[in-house]
Amino acid sequence: MPSRPEADDPRLGDVSEGRILQAILTRTPAASHTLIGPGDDAAVIAAPSGSVVATTDTLVHGPDFRLAWSSGYDLGWKAAAVNLADVAAMGARPTALLVALAVPRDLRLSFVERLADGFRDACASLAPGCAVVGGDLTVSDVLTVAVTALGDLEGRAAVTRNGARPGDVVAVAGELGHAAHGLAVLFGRFRDGDVPVAVDPAKLAAGESAAVTAQLRPAPPIGLGAVAATAGATAMMDVSDGLALDARRMAAASGVTIALERDLLGHDPERAIAGGEDHALLATFPEGVLPPGFRIIGAVRAPGAEDLLCDDLPVDLSGWDPYRDWDSIAG
């Protein structure tokens, strides 16, 4: 998007909170479950099922993203997507987002506008009917985006991570390893010494471009969370920290062993197992039950010496750790 003259794109420290909020809220539509939207002390969201699924996640400049690599639009999209995925992993349909921003004074108003555009478009694409309904704004030296997502189970029982049973199949919806590939490209190719530099699309091969997009602007299969719950998923969770770590968590919570098959994990099984931030949906289903959009990657076994196996061998991978896999360099 072409840059605006500075006179039309003031720094946030030079404009009022009201103008910033107006710039955000005029770019985001009403959510379909909204009874009272922005403008009061709190929003009121309908919960037809009588229960509300709630989750929160925070993205901080440094351990979670780099402005050298992420545009405001990318950041808004990703902040929405990672929270929508947590709601979907419970078998719920996302209904509303609350966004709290801590912003540096020298950030431009256009960045916040693009941030709002990213939220709007991610909701429209991944969870139609969901939208930003309120939030908070403050000043900070470190750009921080904190999101609370709400969802409705629509009469379904919540699907937790502790219901996997021996004999179930293990399945996944969404991609595994692509975001980790994208992160490797960013850290390996787009730094000047220790300083991140802007991504040059001309330097990316087709597969690398898709991987970088998966890292900066993930598109998890949000609608399949409700599909899985309706089909009878016995356990489900969002794969945010890598298949190795998250499958271990599901196995431990359920008191079972999860056995993966390497040849079912795609062309890059190592990244599929260890990589994080794909936000795929990991689920277990009774044998013979596999809803569209999910693919089998293993089986649930009775508990053994190991929580997680791959081709019958222990998996010696810890999974994703943002404080290890994103270094502390700013940019």
Side-chain angles (χ1 to χ4, degrees), residues 49-55 82-94 126-127 149-176 220-266 269 272-273 276 278-312 314-315 319-320:
S49 70
S51 59
V52 176
V53 172
T55 186
V82 301
N83 282 276
L84 295 172
D86 282 335
V87 172
M90 299 298 293
R93 194 173 305 280
L126 304 176
L150 306 177
D152 182 44
L153 287 164
E154 302 175 318
R156 295 178 294 273
V159 184
T160 64
R161 61 181 66 177
N162 66 2
R165 302 170 302 192
D168 287 349
V169 298
V170 179
V172 69
E175 302 296 340
L176 295 173
I222 303 303
L224 291 181
V227 170
T230 300
T234 53
M236 185 160 55
M237 63 185 298
D238 161 43
V239 183
S240 56
D241 294 330
L243 182 61
L245 184 55
D246 286 329
R248 275 198 182 105
R249 288 168 171 162
M250 180 180 285
S254 298
V256 297
T257 291
I258 288 181
L260 305 174
E261 295 184 37
R262 186 174 297 272
D263 62 359
L264 298 179
L265 297 178
I273 291 173
D278 285 300
H279 300 287
L281 295 178
L282 177 68
T284 58
F285 298 93
E287 189 173 6
V289 176
L290 188 70
F294 282 84
R295 62 188 186 277
I296 293 175
I297 59 171
V300 181
R301 298 180 182 175
E306 298 286 341
D307 289 337
L308 181 65
L309 300 172
C310 186
D311 290 346
D312 291 327
V315 178
W320 171 258

Measure across [X] and [Y] and return the closest heavy-atom pair with its distance rounded to 0.1 Å.
X      : Y      : result
Ala54  : Leu150 : CB-CD2, 3.9 Å
Arg301 : Ala259 : NE-CB, 3.5 Å
Arg156 : Ala229 : CD-CB, 3.8 Å
Leu153 : Ala92  : CD2-CB, 3.8 Å
Ser49  : Glu154 : CB-N, 3.5 Å

Is the backbone N or O of Gly174 less than 3.5 Å from a side-chain atom of Arg295, with the two atoms forming a donor-acceptor pair by type?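 Yes, because the side chain of Arg295 sits within donor-acceptor range (under 3.5 Å) of the backbone of Gly174.
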Please check: side-chain N/O of Arg165 versus main-chain N/O of Thr234, any donor-acceptor pairing under 3.5 Å?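 No, Arg165 side chain to Thr234 backbone: no donor-acceptor pair under 3.5 Å.
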Please walk me through it: do Val159 and Met90 pass side chain to side chain contact (heavy atoms under 4.5 Å, CB included)? CA-CA 5 Å; Val159 184; Met90 299 298 293; over 6 Å; no
Quick one, Val315 and Leu243 - any side-chain contact, counting heavy atoms below 4.5 Å?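 Result no, sub-4.5 Å side-chain heavy-atom pair not found.
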Ala171: partners by side-chain contact (heavy atoms from CB on, under 4.5 Å), with sequence neighbours left out: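 For Ala171 the side-chain contact (heavy atoms from CB on, under 4.5 Å) partners, ignoring immediate neighbours, are Phe285, Leu290, Phe294.
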Go through the structure and list residues passing side-chain hydrogen bond (donor to acceptor under 3.5 Å, both in side chains) with Arg249, not counting sequence neighbours.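 So Arg249 forms a side-chain hydrogen bond (donor to acceptor under 3.5 Å, both in side chains) with Asp241, Asp246.
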Once you round to the nearest 0.5 Å, how far does CG of Asp86 lie from CG of Asp238?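 One finds 4.5 Å between CG of Asp86 and CG of Asp238.
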I would like to know whether Ile296 and Glu261 meet side chain to side chain contact (heavy atoms under 4.5 Å, CB included); could you show each step before the answer? CA-CA 9 Å; Ile296 293 175; Glu261 295 184 37; 6.0 Å; no
